[in-house]
Asker: 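Here's a structure for you.
Each chain gets a letter, A, B and so on, in the order the sequences are listed, and its residues count up from 1. Reckoned from all heavy atoms, side chains included, excluding hydrogens, waters and symmetry mates.
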Protein chains: 2
Amino acid sequence: MARQAAGKIAAPPLEADDAEIDLGILNDVIGFRIRRIQNHLSRAFLARAERYGVKPGSFSAMALISANPGISQIALSREIGFDKATVVALIDGLERAGWAERRRPPGDRRRYALYATPKGQDVLSDLRAQAIDAEQPIRGALTAVELEQLFGLLDKIYASCFVDLAT
Amino acid sequence: MARQAAGKIAAPPLEADDAEIDLGILNDVIGFRIRRIQNHLSRAFLARAERYGVKPGSFSAMALISANPGISQIALSREIGFDKATVVALIDGLERAGWAERRRPPGDRRRYALYATPKGQDVLSDLRAQAIDAEQPIRGALTAVELEQLFGLLDKIYASCFVDLAT
DNA sequence: TATTGTTATACTCTATAACTATA
DNA sequence: TATAGTTATAGAGTATAACAATA
């Protein structure tokens with residue numbers, strides 16, 4: 001509501017526009033409501049992580065590799081929702097940065113086993129801090145109970161995305 | 001089941017396949033948890049809405065135009081998070097499809113006032129049904145109370161994205 | 001034949017910058 | 001000078017398809 005952002009000249013006397021926009025039917029569409037939040041979070045995180053040179057997906061990839069040492073590229077691609085071909089360039093970047101590495105596992109010479117390097121672990125730790133920091137406004141606006149509710153709901157919701165596969 | 005974290009001795013973990021992937025620190029990152037849900041919803045909706053020829057943003061744009069008759073392109077761009085230049089092509093498409101139209105309002109000949117056509121209203125109604133249908137698995141997995149909790153949390157969360165502007 | 005990874009390619013989406021016309 | 005809209009352009013991001021190596 002308070003328009004005056006610090007530092008600038010008097011706020012442009014925009015007509016009521018902004019604050020009074022009606023979402024209409026979008027109010028009931030979960031996907032829309034979630035997307036605008038995700039857009040904000042994404043931009044806030046990327047702005048903070050800029051100096052690390054992270055690209056969309058590389059943070060997620062690093063986290064998954066770190067948590068699942070030896071994971072294959074194809075399993076990784078499924079988990080982050082990218083095509084396997086896209087993951088190739090992603091891992092190339094991680095290797096160039098020295099954050100992760102490919103190793104040939106003894107059993108199967110088709111696949112690569114992915115591992116995070118110590119340097120990668122450090123960067124990941126920093127990136128996690130940036131991600132949490134970017135979400136601080138949200139965490140600050142919710143009570144501990146609400147935050148717990150949120151994660152519980154996200155659990156249920158994500159699980160529900162796959163139930164129909166079994167029916 | 002949890003394989004020794006990155007130990008050097010740790011035997012090559014045979015791929016634990018999808019279901020056993022550990023999210024690691026991503027478990028605590030709201031942005032990641034939200035994004036994977038949004039990805040699913042987005043794809044489910046686009047698959048259903050394919051035959052309408054909707055592009056990303058056109059459903060949101062139609063809903064906002066319909067709920068805010070006479071809205072300007074620039075106000076619309078702010079609301080859906082696109083650049084004003086991007087909105088031009090978006091509205092071009094909506095006009096070509098006969099779903100929306102630009103009118104010059106009497107007061108200010110710089111701006112356009114956007115309106116949904118009757119045909120646009122009909123399509124919007126269909127699209128809304130598709131969106132809700134795409135979300136059906138989620139709605140089915142949540143109780144009425146949980147669904148209400150969800151919308152309440154989304155309200156609070158989105159509002160919190162802007163509070164820092166006032167500080 | 002199926003699976004993992006790679007390459008080459010093309011397409012979609014979106015922002016940026018410079019411009020016009022109104023105010 | 002500031003705002004609404006437009007155009008042209010470039011870039012990021014991603015998928016698709018064909019392929020090689022291995023199983």
Asker: Please report the closest heavy-atom contact between B/Gly57 and B/Leu90, naming both atoms and the distance.
Answerer: O-CD2, 3.9 Å

Asker: For B/Arg109, which residues count as a side chain to side chain contact (heavy atoms under 4.5 Å, CB included) partner, sequence neighbours excluded?
Answerer: none

Asker: B/Tyr112 and side chain to side chain donor-acceptor pair (under 3.5 Å): which single residue from B/Arg104, B/Glu101, B/Arg103, B/Arg102 fits?
Answerer: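 The residue from B/Arg104, B/Glu101, B/Arg103, B/Arg102 that satisfies side chain to side chain donor-acceptor pair (under 3.5 Å) with B/Tyr112 turns out to be B/Arg104.
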
Asker: Show the distances under 3.5 angstrom between N or O atoms of the protein and N or O atoms of nucleotides 21-23 of chain D.
Answerer:
from   : atom 1 : to       : atom 2 : distance (Å)
D/dA23 : OP1    : A/Arg109 : N      : 2.8

Asker: Mark yes or no for whether A/Asp22, through its side chain, and B/Asn68, through its backbone, hold a donor-acceptor pair below 3.5 Å.
Answerer: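 It does not hold such a pair.
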
Asker: Check the distance between D/dT14's P and B/Leu46's CG and give it to me in whole angstrom.
Answerer: 15 Å

Asker: A/Arg43: what forms a side chain to side chain donor-acceptor pair (under 3.5 Å) with it, not counting sequence neighbours?
Answerer: none

Asker: Any base atoms under 4.0 Å from A/Arg102, or only sugar-phosphate, or nothing? Heavy atoms, all strands.
Answerer: sugar-phosphate

Asker: For B/Gln136, what residues pass the side chain to side chain donor-acceptor pair (under 3.5 Å) criterion, not counting sequence neighbours?
Answerer: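 B/Gln136 satisfies side chain to side chain donor-acceptor pair (under 3.5 Å) with no other residue.
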
Asker: For B/Asp126, which residues count as a side chain to side chain contact (heavy atoms under 4.5 Å, CB included) partner, sequence neighbours excluded?
Answerer: B/Tyr52

Asker: Can you measure B/Leu114 atom CG to D/dA4 atom P for me and round it to whole angstrom units?
Answerer: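 Rounding to the nearest Å, CG of B/Leu114 and P of D/dA4 are 13 Å apart.
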
Asker: Rounded to the nearest Å, what distance is computed from the CZ atom of residue B/Arg104 to the P atom of nucleotide D/dA4?
Answerer: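 Taking CZ of B/Arg104 and P of D/dA4, I get 12 Å after rounding.
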
Asker: Take the protein atom CD of B/Glu50 and the nucleotide atom P of C/dT12, then report the distance between them rounded to whole Å.
Answerer: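 Between P of C/dT12 and CD of B/Glu50: 12 Å.
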
Asker: Which heavy atom of B/Leu124 sits nearest a heavy atom of B/Met62, and at what distance?
Answerer: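 Between these two residues, the closest heavy atoms are CD2-O, 3.7 Å.
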
Asker: Rounded to the Å, how far apart are B/Gln73 CD and D/dA4 P?
Answerer: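 For the pair B/Gln73 CD and D/dA4 P, the rounded distance is 11 Å.
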
Asker: Rounding to an integer number of Å, can you tell me how far A/Ile74 CD1 sits from D/dA15 P?
Answerer: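 Rounded to the whole Å, the gap is 13 Å.
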
Asker: Please confirm whether A/Phe45 and A/Phe59 have ring centers closer than 6.0 angstrom.
Answerer: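 Yes - the distance between ring centres of A/Phe45 and A/Phe59 falls below the 6.0 Å cut-off.
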
Asker: For D/dT3, take OP1 and OP2 only and decide whether either is under 4.0 Å from a side-chain N or O of B/Arg78.
Answerer: no

Asker: Scan residues 81-94 of chain B against DNA chain C and write down, sorted by residue number, each residue with any heavy atom closer than 4.0 Å; if none is found, say none.
Answerer: B/Gly81, B/Phe82, B/Asp83, B/Ala85, B/Thr86

